[in-house]
Amino acid sequence: MPAEWIWKNGEFVAWENATVHVTAHALHYGSSVFEGIRAYATDKGPAVFRLQPHTQRLLNSCKIARIDVPYTEDDLNEAILETIRRNGHEACYIRPLVFRGANKLGVEGRQNPTEVVVLTLEWGRYLGNEAVEQGVDVQVSTWRRPAPGTGSSLAKIGGQYVNSQLISMEAHDNGFAEGIALDVSGFVSEGAGENIFVLYNGVIYTPGPWSSILLGITRDTVLTLLQDFGYEVRYQPIPRDMLYLADEIFFTGTAAEITPLRSVDRIPVGSGTRGPLTKRLQEEFFAITSGQKPDRYGWLTYARPT
Ligand code: PPE
């Protein structure tokens with residue numbers, strides 16, 4: 001459900017007026033940078049989850065894309081919190097977007113003005129309502145992640161998401177909820193919009209940045225929780241066939257949160273249902289994000305502090 005107001009270049013405009021011109025550089029060449037952030041409902045009003053690392057990653061992505069941003073990190077944080085307040089959200093998905101706007105055509109683009117928007121909307125379970133409990137059926141995509149040196153997997157740059165679209169559309173056409181891409185060497189990389197974790201023989205495996213992944217903030221969150229739980233995590237190239245032998249596999253992402261995989265390429269993962277580690281991580285994650293458990297890492301920023 002859309003919200004009433006969108007923050008656009010420092011002011012609030014009505015949702016329907018937040019439009020762009022057809023010469024906008026980002027439309028032609030994918031020169032946009034974005035974030036996806038969630039605010040969760042708590043007893044103390046909406047709490048933004050890990051605001052600072054998201055804003056930091058937005059600015060880092062702009063640094064890699066060489067897009068000058070006329071706002072500071074504090075300005076952007078304030079814009080995000082104010083957008084939540086203005087729209088009266090209790091919980092929402094937040095999409096900050098920076099893009100090269102209208103002026104000239106031509107790939108270079110740095111003569112086009114930077115536009116910055118923050119929009120919010122209500123967005124429920126990314127991979128379907130049952131996904132969080134039942135798990136999702138996924139396929140390994142025929143599409144690979146771009147090879148190192150062909151783009152920037154660490155940056156959330158709009159144009160790069162054509163790759164994610166191909167992965168996701170192929171999966172949907174084949175009746176799967178999502179696709180997993182391999183990296184250029186054939187090792188497991190990530191989902192179209194999620195990082196991946198594999199539990200195999202009591203050890204957790206997750207790919208590192210050499211496998212063309214986005215360094216997800218939910219990934220970092222789960223790594224912190226796994227450390228608390230006392231699990232060993234190995235960051236290493238993961239062969240595709242390890243997915244077929246795993247006891248548990250789950251995706252992490254702001255939109256996807258923590259979502260179990262119940263099959264890969266029609267082969268059941270473990271028992272074919274959500275595994276106990278995935279469940280435990282979800283419970284911890286949702287207890288912290290909802291404010292039911294103490295925020296021991298300072299992950300929450302309250303939009304309407306009292
Ligand atoms: N990998 C990719 C390619 C990715 O897009 C995301 C987030 C992640 C990993 C997980 O990152 P993080 O959110 O920091 O844990 N994908 C965003 C966009 C989803 C969409 O469909 O739009 C998101 O989850 O908000």
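Read the numbers this way: they start at 1 and go in the same order the structure lists the ligands and their atoms. When reading the values below, keep in mind they use all heavy atoms of this one structure, side chains included, and skip hydrogens, waters and symmetry mates.
Applying the ring pair (Phe, Tyr, Trp, His ring centres under 6.0 Å) criterion to Tyr302, with sequence neighbours excluded, gives no partner residue. Among residues two or more places apart in sequence or in another chain, the ring pair (Phe, Tyr, Trp, His ring centres under 6.0 Å) test is passed with Tyr205 by none.
The shortest non-hydrogen separation linking Gly193 to Glu178 is N-OE2, 3.8 Å.
Within 4.0 Å of ligand 1, protein heavy atoms belong to Gly36, Arg57, Tyr93, Arg95, Trp123, Tyr126, Arg145, Lys156, Tyr161, Glu190, Ala192, Gly193, Glu194, Asn195, Leu214, Gly216, Ile217, Thr218, Thr252, Gly253, Thr254, Ala255, listed by chain and number.
Pairs passing the ring-ring contact (aromatic ring centres under 6.0 Å, His included) check and including a residue from residues 138-162, sequence neighbours excluded, read Phe34-Tyr161.
In this model, a donor atom of one side chain and an acceptor atom of the other lie less than 3.5 Å apart for Glu73 and Gln52. Side-chain N/O atoms of Glu190 and Asn195 include a donor and acceptor closer than 3.5 Å.
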